[in-house]
Every structure is written in structure tokens, then in C-alpha cells.
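Remarks on the structure that follows.
For the single chain, residues carry numbers from 1 onward in sequence order.
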Amino acid sequence: MTAPVLTAIEQRVLWLATAIVHQANRVRPNPSGLKVGGHQASCASLVSIMTSLWFRHLRPEDRVSVKPHASPVLHAINYLLGELDEEYLPTLREFGGLQSYPSRAKDPDPVDYSTGSVGIGATAPIWGALARRYLTTRGSSAGTGRQYSLVGDAELDEGAIWEAILDPAVAELGEIVWIVDLNRQSLDRVVPNIAAGRLQGMFGAAGWQVLTLKYGRLLEELFTRPGGAELRARIDAMPNPEYQRLLRCDAAQVRDRLPAGDAALAGLVASLDDETLLAAIRNLGGHDLGSLDEVFASISDSRPTVIFCYTVKGKGLPTQGHPQNHSSLLTVSQMEELAVSLGTDLAAPWQRFASGTPEAELCADVASRLRRPDVPTAPSVDLPVDIGRTPSGTATTQAALGRVLLDLTREAPEAAKRVVTVSPDVSSTTNLGGWVNKVGVWSATERRDWFEDDPETIMHWREKPTGQHVELGIAETNLVGLLGELGATWSRWGEPLLPIGVMYDPFVERALEPWSFGIYAGGQSILIGTPSGVTLAPEGGAHQSITTPSIGIEQPGCVSYEPAFAIDTEWTLLAALGRLGKPDGTSSYFRLSTRPVDQTLAAVPADPAARERRRRQVVAGAYLLRRAAEPAVTLAAMGALVPDTLAAAERLAQVGVEADVVCVTSPGLLFDAVQARTGRGSAESWILDQVFPAARARPLVTVLDGHPHTLAFLAGINRVPAAALGVTRFGQSGSLEDVYRYHGIDTDAIIRAALDVVA
């Protein structure tokens, strides 16, 4: 392959990416008049890097996360490789067309990683590498290959990036390669001080190989001439805005501005013709195909690598280097001029290379080289729906989690082998100790447990390639990032895993955005928040969650559960595991408690048929726990507040007010049923008829350890008077009784609310 051939492909990629945005904004009809948008300058910044990577260096086993605003470049390359039909090129940001940002689930062409939420897409390949290593150490054929992230320099402002880079496990992932598009611009301005040296030092301190590609070969050659040392020093010391201003200058202006009174530099500038001078100012390493070849060949697979590639935002476009070019669009006349300069035609913008040309042959060769085998169909995972145990005594739903996982290793060992738990350094405090002792901690290589012979050690930390628990540092964003990638292995490699992440419930909201993005990208997992609510009374407001119960109602692709009893935890967890690792699967969110509860209150039916009916109701969202002969009121409670609600029903009966008690396990599923009943969804609505039958419709009191709006919609099922109790203020430290009383969710408060609605 000759340099002119690759340069011609680079120019065609630039044209196609620019034309994709142009068609969406300037050509396609837009009756609403709303801005369509796109990022021509951000695309141009990455064209050279992506051309070099795809057409010279990528292998079929490699994966690439493309920065969000460069999605048209990815589509342009896929089009040239025959992976995208021409009909999609004019459809950027159109309903059913090319997505605004790369999407594994929604784009019609191959996309390795969904991006768009800044920082999350960039770090996804780290967790994808970890997930693949996990599979490989367990004997799967997930293979090897590099994991590339194409990252904008402004994206390095995101804290999620540094949380990922600093996790100790990441320094061992030699397949990770980040390429930083260092164009020194953000959305609104030229960044005054990009501090590349500081960023390089931070990556280096984390154990990464740091490579810098600052200048292209033309500038490097000029640096060897008389006045060249002065030229390098001048550019190196130049503030970013000053350099960017030079990009907007003609040759005469550059000759005037660049020397800055230095005679040697002025002599070098005078020796250059206008074309060479202007080319030199723009000759940064990230646009020099030969220099890119050299730096990619320098990557070491022994540790993660970051390459800082200096680029010009908008390179090759009339808007290059302008501080407000982030979302700017070329005019029609500018597009016509660009077409002429690149040898294309605005009237026929989607031309591929003519058959038989060297460029067409290279595209065909690369397409053949990068073609991946079809992902095998993921095997089904057989899971029990009921272990068969009826818990007795006093237990917590948090402890029930560990119990169910251990039971699964005996009752369904093949399914249990696919379970992998993840925790941000809270395994012992979330009752995973027994499970961790049983299955071990995952590590790419076996490590000695130096406390194995310590008689006071209860939780054993046996790190080995066959372990099924992954422990990360205290960074919830990392946990859900890994969770999403572990939950995507069924679609990437045909190997389903059953990933469960455990963290303190108050911090679920911190992790919600990246977890939600993982679900959007096809990752199916179970997130467990525990301990939860103000029930964690002595911990105080900082550790008491309030708004998390509504997550299951509001989060797409997710079913939520908040069980009250150990048996409910078992049944719902088994159901949630059964939804993972399949094309129509879903994620789940659990909210568990550390409150000890008398398990006989669950009143589990002894008859097998009645038990199965109860199980189905628990999994569907609710069940009638206490049935009154002639109810005057219905009390609907969830999770830790069920014992107090039962106590309230007993005291109400003593004053002649009989109450039904409904135990809600999933407000989200009940809401879906309500919507389906009115024709606004496809869920089944039978659970409403069984738990809230119209014949037993009575005034309603709802209560939960969380915001009351979560269950307030239940009053609309039968349109009854209602009172919604819950937590609306930051918590307080104290005893359970004091804290419940403070928030108005104690037994007395439930009784008062019931008497109010029946009055």
C-alpha cells in the first residue's frame, strides 16, 4: 500500500463524514425547524487517526470505542468497507436512522461500544477487557485483541475516567490503548492551558505507557534546519489560543506573527514558500499518516498505553481551528468548494471508489481482514424458580442474598458457575462473605492468601482465575461499568454471564447514570443496593437513601424489587437471574435491608399449589399478605415497613377497623400492569385483579422506607381515597423507633393515616 492510496482514503472519509452531517442539516427536509446538529469539526479532528487505525492496524479481534462526536467518521469507514448501506448515509439523527452517537443496539452498522455519555464510553473498553479476561480464564473462546478508546481531550475532565484509570486491576490490562485527540478545544473555546504534561504524568503514575505524537514529519524535518530549534521552542511555548489563531491566518500573516522578533526563526520562515509554511503550521502528528504508523508500532502490550495525538479541530475544513467550530456547519458554497478540493461531487455525495482502483482494492482487502465470525447463539441457562426452603426464625433480606447464592451452587451448579459478583470493597458488609469463601476471588493469576492460616480470619481472600467475585476499589462508577460489560458477554461472544453488583443503596444514584448507559448499550445485570433507607437508622442521613425506590419505575430495561422477606428475596432474585443473557432480557435492581424480620410473618402457604401462586405474585409485583373478612381499609407496604404495617393492622382491628395488607415487591411491575390495563403497554395486568380486585376496593394507605410518590399511583387502580407515607427529608441518626417516628412511617403514623382515610 502506497501513501497516496491511504491519503486518498483519508480524504474520502473526511468528505463522507462531513457530507453525512451536511445532508442531515442542509438537505433533508426539516418541517419542525428544530436543530438537527452534528459535529463536522470534531469528525475532521479524528479522520487521520481512524483512517490509519482501521486501514493499517486493526485486527478482527480488536474492539474500538469511538468518541461520540466522531460517529459520522465511523459510519463513513463502515460504508467504504461495505458494512453500511448507502440508504443510511442521509439519515443521521433521523428516526430509525444513524444515531447521534455510536450505538451498539440502534445503529445499523457494526459498533463495538456505545458512546455519548462523556467518560462512560471511553472507559467501557477497560471493563470489556476485564470481562473478556474473566471469560478466557474460565475456558471460554472469547479470544484476545486490543481494546481501543478514541477520546477527546476535553473528555479527560470527567472524573469517571480517572476512577477507572486508578483502579489497581487496570494496570495489568496490556490490551488497553487510549488515543487522545488533543485538539485543545472544548465546546465553547480554545482551552487556555491543556496541561498535557500533567496529564501524561498522571497516566504514567498509574502505570501506563505514555506516548506523545506532537509534530508531523514536515515539522520534524524543519526542526533540523537552521532556525529549526527556535521554531520548535516558539511553538512549544506558544499558548493554545495563539497557536489556534495562526491556523486562521494566511501566509503573510503567519510570516508576520510567527517569528516574534527571533532573527533565526525569521530566516527559516523566509526560506519557505507559502504552501509549505501553511502546511507546516498544520503539520501536527495526529494528521500525519506516517507518524501515526510509527507510534502505533510502538505500543507495548505489557501494560495499558495512552497516545497523546496533537490534532487540529476541523482539519481540512474551512472552519479549522476556529474557537466556535464545535457545532458549526459548512455552508452550501463551502461544501461545494470542499468537494472540488477532495475530488468529489456534492450532487452525488456517496461515491465509493471505482472498481479496480488501488483504493477500492484496499477497502476490499481491509473489509476481508476485519470480518469477524458470527457470534454463536448464547446457550440457555437453566435456573430453578424455587429452592424449596421456607425460612424461619429472624433474618434480613440482605443476608438472604448470600443464602440464595450459596443454595444455587448446590441446586443448580451449572447456572451458579455463570454467576459473577462485583463489589466496591463492601463484600463483607453486604453479606457476600459466605459466597466469596465458597467461590473465591477472581484474579488473572493465582495469588497467595497470607491470612489463610490466621484462626481469626472469617472471610478468606483466595484470589485465583476460577474465582467468581471481582473486587474493585471504592468507586461505584467502576463497578457498574464492569457490570455492564459482564452483562454484555452473551452478545459479544455468545457466553452469557449472570452478573450481580452490590453496593450501599445511598450510592446507587451516583452509579445510576453509567449503569443506565450500560443497559442502553445491551448490558444485562443485577444491581443490589444494600443496606437501604432510613432503616439504617444509626448511620445518619449520609447513608440513608430516599429516592432510590422509584428507580425501577423510571429506568428503561430494568425491573426493580424490594422484598420484605427472605423467601421473597429468593424468588425475585431467581426470576431476575432468569431474565439475563438473552436478546429479550432485562436488568434488575434490588433494594435490600439489614432489618431483622420474623420470617413467620410471611405466612408462606404450605400447599404446593398455593405456594406457587404466592411465588408468581411475588415475582409479578405484590401479594395479599393479610386478608380481612370485611376490610375497611387497604394497607400497602413495601420492604422493611411490612412488619410495622402488619402491627398497625392488628391494632386497627382492635378498634373495629379491619384492614387488608398488601405486600408490594415491585412498584415498577405494578405500574407497568396499570399502564397495560389502559392499553399503554404490553405487560400483563392479571396481578392487579388478584391483589387489588375491584370488589375489595377500599381507601388506601401506602407506606415505604423511601419517597412516598413511589407507591402513590396505587390509589388510581380502583380510584380510592388514599394517604401516601414515606420519607421526604434527609435522615437522622437514632434508634429505629425514633427515626421511623421522625419520618412519620412508624406504626402509629400508619394507624392515624388509616383512620383518616376511612373517616
Side-chain angles (χ1 to χ4, degrees), residues 1-21 23 43-44 46-66 70-92 97-98 102-104 107-113 143-148 150 177 179 287-294 296-297 299 316 338-339 341-376 492:
M1 176 183 55
T2 62
V5 173
L6 194 60
T7 298
I9 290 176
E10 173 192 35
Q11 292 176 340
R12 187 61 54 88
V13 171
L14 173 63
W15 167 256
L16 288 170
T18 307
I20 286 172
V21 179
Q23 284 278 327
C43 287
L46 262 184
V47 163
S48 303
I49 292 170
M50 292 180 66
T51 299
S52 176
L53 191 59
W54 258 263
F55 288 87
R56 290 277 290 156
H57 298 278
L58 275 189
R59 302 163 298 175
E61 62 268 27
D62 297 333
R63 298 290 186 271
V64 187
S65 172
V66 178
S71 63
V73 183
L74 176 62
H75 298 312
I77 290 174
N78 281 338
Y79 174 64
L80 291 178
L81 297 181
E83 296 285 359
L84 181 65
D85 292 338
E86 180 179 323
E87 64 182 283
Y88 285 105
L89 297 182
T91 68
L92 180 70
L98 299 177
S103 171
R104 284 191 73 219
D107 272 318
D109 53 333
V111 174
D112 291 334
Y113 288 99
T144 58
R146 285 177 177 166
Q147 298 272 355
Y148 291 91
L150 306 182
V177 179
I179 303 171
H287 300 297
D288 190 300
L289 295 173
S291 299
L292 286 165
D293 273 348
E294 293 172 3
F296 288 150
I299 296 171
L338 183 67
S341 68
L342 296 178
T344 58
D345 185 355
L346 185 58
W350 315 127
Q351 298 176 27
R352 287 191 172 100
F353 293 105
S355 179
T357 61
E359 292 83 5
E361 291 177 358
L362 177 58
C363 289
D365 290 345
V366 171
S368 176
R369 170 170 57 83
L370 294 182
R371 191 160 293 122
R372 298 169 182 166
D374 293 335
V375 176
R492 290 196 190 280

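Going from atom CD1 of Ile49 over to atom CG of Asp288 covers 11.5 Å, rounded to the nearest 0.5 Å. The CZ atom of Phe55 sits 11.5 Å away from atom CG of Leu289, with the distance rounded to the nearest 0.5 Å. Here Leu6 contributes atom CG and Leu362 contributes atom CG; the two are 7.0 Å apart, rounded to the nearest 0.5 Å. In this structure, OG1 on Thr344 lies 10.5 Å from CH2 on Trp350, to the nearest 0.5 angstrom. Once rounded to the nearest 0.5 Å, the distance linking SG of Cys363 with OH of Tyr79 reads 10.5 Å.
Take Arg369 and apply the side-chain contact (heavy atoms from CB on, under 4.5 Å) test, not counting sequence neighbours, and it matches Val366. Taking the side-chain contact (heavy atoms from CB on, under 4.5 Å) definition, one finds that Ala364 meets it with nothing, sequence neighbours left out. Annotation: side-chain contact (heavy atoms from CB on, under 4.5 Å) contacts of Pro110 (sequence neighbours excluded): Asn78, Glu83. In this structure Glu294 satisfies the salt bridge (Lys or Arg N to Asp or Glu O under 4.0 Å) test with no other residue, sequence neighbours excluded. Applying the side-chain contact (heavy atoms from CB on, under 4.5 Å) criterion to Asp107, with sequence neighbours excluded, gives His75, Leu98, Gln99, Ser103, Asp109, Val111.
Checking His57 against Asp293 by side-chain atom types alone, a donor-acceptor pair falls below 3.5 Å.
Remark: Arg59 is not positioned above the aromatic ring of Phe296, lacking an NZ or CZ atom under 6.0 angstrom from the ring centre and at most 45 degrees off the axis.
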Sequence neighbours excluded and cut-off under 3.5 Å, please list the side-chain donor-acceptor pairs for residues 8-16, or say none.
unit_1: Glu10; atom_1: OE2; unit_2: Ser48; atom_2: OG; d: 2.4
unit_1: Arg12; atom_1: NH1; unit_2: Gln351; atom_2: O; d: 3.0
unit_1: Trp15; atom_1: NE1; unit_2: Pro349; atom_2: O; d: 3.0

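The heavy-atom pair separating Pro102 from Val66 by the smallest distance is CG-O, 4.0 Å.
A salt bridge links Asp112 with Arg372; the closest basic N to acidic carboxylate O contact falls under 4.0 Å.
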